[in-house]
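Numbering of ligands and ligand atoms starts at 1, following listing order. By convention here, the first residue in the shown sequence is residue 1. What you see is a predicted model, and the numbers here were worked out from it, not measured in a lab. What you see below is based on every heavy atom in this structure, not just the backbone, and it leaves out hydrogens, waters and symmetry mates.
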Amino acid sequence: MLIRSLGSGFVHPLASEITPEKVWQERRHWMSQAASGAIGVTGVMAGLGGPAWAAEAPADKLTPFKDATGYNNFYEFGTDKADPARNAHTLVTRPWSVMVDGLVKKPLQFSLDELQKIAPQEERVYRLRCVEGWSMVLPWRGFSLAELIRRVEPLGSAKYVEFQSLADPKTMPFVGSRLLDWPYVEGLRLDEALNPLTLLAFGMYGQPLTNQNGAPVRLVVPWKYGFKSAKSLVRIRFTEKQPATAWNKAAPEEYGFYSNVNPEVDHPRWSQATERRLGEDTLFAKKRKTLMFNGYADQVASLYLGMDLRRNF
Ligand SMILES: Nc1nc2c(c(=O)[nH]1)N[C@H]1C(S)=C(S)[C@@H](COP(=O)(O)O)O[C@H]1N2
Ligand SMILES: [Mo]
């Protein structure tokens with residue numbers, strides 16, 4: 001391996017030779033040592049946004065960058081898992097703006113630069129599980145959606161938040177196809193949107209989101225099936241009625257509004273009891289058991305007290 005001296009005895013591999021996941025695994029190793037008191041790292045903690053790391057299970061390894069960017073769902077660019085990586089280069093992410101409106105006191109249109117600056121961004125390692133049975137673990141970068149919600153001051157009548165992805169037939173080859181009713185729309189109840197876990201993400205693995213992962217800004221809702229995490233957002237709208245979401249409209253028996261990860265509620269066409277982790281799916285790799293709320297029950301179970309999660313799937 002080529003190494004380069006950075007002076008005073010420091011030797012470091014060239015950036016081009018280390019994969020993003022290697023760098024991140026190293027940082028996490030430090031972090032776990034820091035947490036156990038093995039090394040003193042006030043500075044490191046400050047740079048990494050400490051508390052968010054508590055959300056990950058110890059056995060979770062980061063999903064390799066190439067898997068996370070090469071196996072995607074982004075139907076605007078095709079239905080094959082390799083299509084987004086192949087086709088999403090046509091997406092134009094600058095200039096970009098996000099309209100935040102509906103039942104709020106202060107409707108605002110943000111340029112991407114303005115939006116990125118409304119709160120300090122932090123790194124958060126989240127698991128995300130697709131309803132199709134695969135999952136991944138990634139270091140995302142962004143801030144809680146609650147930071148944005150606070151600034152527009154929802155009215156008392158606002159009960160839900162609707163998220164709209166860009167639908168540009170000129171740059172997104174499958175917008176206009178009959179796969180879904182475009183634009184891609186998702187929604188959360190206001191209290192779900194305000195939960196600190198709900199992330200407005202701008203980056204992943206220490207760099208801006210790749211187009212196939214939803215550049216320049218997306219949602220990451222880690223306790224729900226992946227399709228709730230809408231990509232390439234252009235509008236966030238506060239409503240009184242539950243939003244009509246793209247997948248729910250396309251197949252209501254298969255994709256409910258809530259879509260909380262729940263191993264006990266099977267998809268009508270397959271079991272949801274287990275999942276395979278991207279990057280671990282060799283022939284003999286064991287499947288993982290899917291966890292209730294994708295492992296985030298401590299943070300979110302209280303949102304659903306008294307609700308029948310079989311009926312409200
Ligand atoms: N606009 C838009 N957002 C989307 C999708 C999509 O097709 N279009 N697919 C969803 C699904 S089904 C999943 S599993 C996740 C996948 O995110 P990833 O490609 O970053 O892993 O994005 C979600 N967000
Ligand atoms: Mo998905």
Side-chain angles (χ1 to χ4, degrees), residues 62-88 91 93 96 98 124-142 162-169 171-188 198-205 207-236 243 245-251 254-256 259-261 267 269-270 272 275-279 281 290 294:
L62 296 180
T63 299
F65 186 78
K66 69 167 175 25
D67 295 292
T69 57
Y71 190 96
N72 302 95
N73 271 339
F74 200 169
Y75 273 29
E76 289 84 336
F77 294 101
T79 54
D80 190 274
K81 303 300 168 209
D83 282 345
R86 220 171 6 229
N87 298 333
L91 178 67
T93 56
W96 191 273
V98 180
R124 298 194 194 170
V125 175
Y126 280 173
R127 294 181 288 278
L128 197 64
R129 187 199 189 277
C130 178
V131 74
E132 295 166 333
W134 46 273
S135 63
M136 57 188 192
V137 183
L138 296 179
W140 301 97
R141 178 169 51 76
E162 180 189 272
F163 303 90
Q164 265 184 42
S165 298
L166 178 71
D168 175 18
T171 55
M172 299 171 132
F174 284 75
V175 166
S177 78
R178 295 174 58 187
L179 277 172
L180 289 171
D181 188 2
W182 311 99
Y184 191 98
V185 165
E186 256 311 330
L188 295 171
T198 302
L199 186 72
L200 196 62
F202 301 92
M204 176 188 127
Y205 266 126
Q207 60 181 64
L209 288 171
T210 66
N211 287 357
Q212 61 266 39
N213 290 101
V217 55
R218 73 175 293 176
L219 210 59
V220 185
V221 193
W223 73 95
K224 291 177 181 275
Y225 291 117
F227 66 88
K228 298 297 284 185
S229 296
K231 296 177 169 181
S232 306
L233 296 174
V234 293
R235 189 172 183 195
I236 298 175
T245 63
W247 280 108
N248 188 247
K249 281 196 275 184
E254 303 193 2
Y255 310 110
S259 301
N260 289 315
V261 174
H267 183 280
R269 292 183 279 136
W270 58 78
Q272 293 292 36
E275 66 201 57
R276 75 189 166 83
R277 191 56 60 80
L278 294 190
D281 36 52
T290 287
N294 204 25

Determine whether [X] and [Y] make a side-chain contact, defined as any pair of heavy atoms from C-beta on separated by less than 4.5 Å.
X	Y	result
Phe163	Leu200	no
Trp140	Met204	yes
Val234	Val98	no

Option set [options], criterion heavy-atom distance to [atom], minimum:
atom	options	result
atom 5 (C) of ligand 1	Asp67, Thr69, Asn213, Asn73	Asn73
atom 4 (C) of ligand 1	Phe74, Trp182, Tyr184	Tyr184
atom 14 (S) of ligand 1	Ala230, Gly214, Cys130	Cys130

Of Tyr255, Tyr225, Tyr184, the residue whose pairing with Trp247 passes side chain to side chain donor-acceptor pair (under 3.5 Å) = Tyr184
ask   = Can you tell which of Glu132, Gln272, Glu254 makes a side chain to side chain donor-acceptor pair (under 3.5 Å) with His267?
value = Glu254
What do you reckon, does [X] put a non-hydrogen atom under 4.0 Å from ligand 1?
X	answer
Lys228	no
Ser229	yes
Met204	no

query = Is a donor on one side and an acceptor on the other found under 3.5 Å between the side chain of Lys231 and the backbone of Gln212?
reply = yes
Please identify which atoms of ligand 1 are closer than 4.0 Å to at least one heavy atom of [X].
X	answer
Met136	18 (P), 20 (O), 21 (O)
Arg218	15 (C), 17 (O), 18 (P), 20 (O), 22 (O)
Tyr75	6 (C), 7 (O)

ask   = How does Glu132 reach ligand 1, if at all, at less than 4.0 Å between non-hydrogen atoms: by side chain, backbone, both, or neither?
value = neither
request  = Please say whether Lys231 places an N or O atom under 3.5 Å from an N or O atom belonging to ligand 1.
outcome  = yes
message = Regarding ligand 1, does Glu76 bring an N or O atom to under 3.5 Å of one of the ligand's N or O atoms?
response = yes
key: Tyr75 and Trp182: CA distance, side-chain angles, deciding distance, ring pair (Phe, Tyr, Trp, His ring centres under 6.0 Å) verdict   = CA-CA 10 Å; Tyr75 273 29; Trp182 311 99; 7.7 Å; no
ask   = Hey, what do you get for CZ (Arg141) to CG (Leu209), rounding to the nearest 0.5 Å?
value = 8.0 Å
key: Protein contact to atom 15 (C) of ligand 1 [nearest heavy atom, distance to 0.1 Å]   = Gly226 O, 3.6 Å
key: Residues Asn72 and Lys81: side-chain donor-acceptor under 3.5 angstrom   = no
